*Asks:* 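I have a structure here, written as structure tokens, and I will follow up with some questions on it.
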Amino acid sequence: MTSSLARFCQFFYVAAGVLGAPGTWQVADGTRHTVDARQDNGFAVQYWANGNANLNWTNGQGGHFMVGWDQQSGGNFVVGKGYSSGDMLVNYTGHFEVWGNAYLTLYGWTTEPLIEWYVIESFGHHNPSDNRNSTCYGTFESDGGTYEVWMKWRVNAPSIIGDATFMQFWSVRTTRRVGGTINTTRHFEAYERAGLRLGTHQPHNMVVGIEGQQGIGSADITVGDLPSGTVPEDPTPTTRTERPSETSTCTGSL
Ligand SMILES: *[C@@H]1O[C@H](CO)[C@@H](O)[C@H](O)[C@H]1NC(C)=O
Ligand SMILES: *[C@@H]1O[C@H](CO)[C@@H](O)[C@H](O)[C@H]1NC(C)=O
Ligand SMILES: *[C@@H]1O[C@H](CO)[C@@H](O)[C@H](O)[C@H]1NC(C)=O
Ligand SMILES: *[C@@H]1O[C@H](CO)[C@@H](O)[C@H](O)[C@H]1NC(C)=O
């Protein structure tokens with residue numbers, strides 16, 4: 001593609017608001033976009049932001065994306081790239097820096113039952129299990145580390161079928177990292193052993209994503225690539241402000 005045609009296409013996509021197509025946007029349009037994986041070189045693309053979000057999102061070639069944000073309280077977005085939800089080895093590499101609340105996660109949905117599941121690889125200030133309505137189910141080993149399994153009820157919350165009441169399953173890695181392989185089968189099996197039943201996996205909605213809330217941050221992630229060297233890991237903070245009696249990690253083997 002010539003550079004002038006590339007410029008034209010970029011202009012066209014911005015003008016048309018086609019956020020799933022490759023390009024860069026500075027956005028806060030309060031809508032959710034999902035794109036069929038087959039429309040973008042085999043990668044699903046997800047972009048969602050609420051009306052208070054303030055971010056720049058670059059949907060790169062293949063599995064590459066970048067995002068930068070600077071948000072007040074109430075700002076919230078999810079961007080990411082991935083595959084159809086299911087059993088696979090998801091590889092990713094990149095950078096994630098955050099001052100405030102944000103998650104680096106592989107996440108997806110099932111229906112019947114409606115479940116939102118997350119593999120949390122890293123986060124800023126807030127550990128998602130630090131919530132009065134969350135329950136620990138134990139730990140398991142996967143992907144070169146240990147993950148805690150938590151469940152949390154969401155009541156009348158946004159979902160892929162509109163506002164609904166549903167469970168969130170969380171695998172929270174006990175050492176934060178950015179890059180590696182996530183064996184989804186191992187996580188799904190751990191939920192099963194915990195008695196947490198997933199439903200039917202949905203096409204094109206399993207993404208390595210960034211969920212940004214209040215704070216500042218940036219991420220540059222490539223899905224489908226492995227890190228070239230050793231990935232540094234740091235212990236996940238276990239302070240739980242909403243659950244002060246449970247500052248120790250979630251225990252018991254699954
Ligand atoms: C988005 O990009 C614009 C143009 O480079 C810049 O002025 C702005 O500060 C960026 N916003 C965020 C939230 O990174
Ligand atoms: C992820 O990398 C592994 C090798 O470590 C490979 O077997 C697997 O196919 C890769 N997965 C994808 C989706 O590229
Ligand atoms: C816990 O769940 C109840 C409903 O069951 C809800 O009203 C409340 O806001 C939730 N609390 C938190 C901290 O999410
Ligand atoms: C992925 O997890 C499954 C289920 O635990 C296991 O059988 C398989 O060997 C794992 N794959 C890799 C590459 O570790």
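Numbering of ligands and ligand atoms starts at 1, following listing order. Owing to the predicted nature of the structure, the values given are computational and were not obtained by experimental measurement. Heads up: numbering here begins at 1 and tracks the sequence.
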*Asks:* Judged by atom type as modelled, is there a donor-acceptor pair below 3.5 Å linking the side chain of Thr139 to the main-chain atoms of Tyr147?
*Replies:* no
*Asks:* As a test of understanding, state which of Tyr118, Trp117, Tyr191 forms a side-chain hydrogen bond (donor to acceptor under 3.5 Å, both in side chains) with Ser171.
*Replies:* Tyr191
*Asks:* Grouping I, L, V, M, F, W and Y whenever their side-chain heavy atoms are under 4.5 Å apart, do Val90 and Val231 come out in a common cluster?
*Replies:* no
*Asks:* Out of Asp70, Ile216, Val67, who is nearest to atom 13 (C) of ligand 1 when you count heavy atoms only?
*Replies:* Asp70
*Asks:* What I want to know is whether Thr185 and ligand 4 share at least one N or O pair that is separated by under 3.5 angstrom.
*Replies:* no
*Asks:* Asn56 to ligand 1: N or O pair under 3.5 Å?
*Replies:* yes
*Asks:* When you measure from atom 10 (C) of ligand 4 to every protein heavy atom, which one gives the shortest distance, and what is it?
*Replies:* Asn183 ND2, 2.4 Å
*Asks:* As a test of the contact definition, would atom 7 (O) of ligand 4 count as having a protein heavy-atom neighbour under 4.0 Å?
*Replies:* no
*Asks:* Would Phe188 and His201 count as a close aromatic pair, with their ring centres under 6.0 Å?
*Replies:* yes
*Asks:* Looking at Asn156 and Asp163, would you say the former's side chain and the latter's main chain have a donor-acceptor pair under 3.5 Å?
*Replies:* no
*Asks:* Tell me: protein heavy atom nearest atom 2 (O) of ligand 2, and distance?
*Replies:* Asn91 ND2, 2.4 Å
*Asks:* Pairs of nitrogen or oxygen atoms closer than 3.5 Å, one from Met88 and one from ligand 2: do any exist?
*Replies:* no
*Asks:* Below 4.0 Å, non-hydrogen atoms only: which portion of Leu226 touches ligand 2? Side chain, backbone, both or neither.
*Replies:* side chain
*Asks:* How far is atom 4 (C) of ligand 4 from its nearest protein heavy atom, and which residue and atom is that?
*Replies:* Glu189 OE1, 3.2 Å
*Asks:* Does Glu112 use its side chain to pair, donor to acceptor, with the backbone of Gly199 at less than 3.5 Å?
*Replies:* no
*Asks:* Taking Glu233 first and then Arg173, would you say they form a salt bridge - that is, a charged N and a carboxylate O separated by under 4.0 Å?
*Replies:* yes
*Asks:* Just jot down the ligand 1 atoms closer than 4.0 angstrom to any heavy atom of Asn54, in number order.
*Replies:* 13 (C)
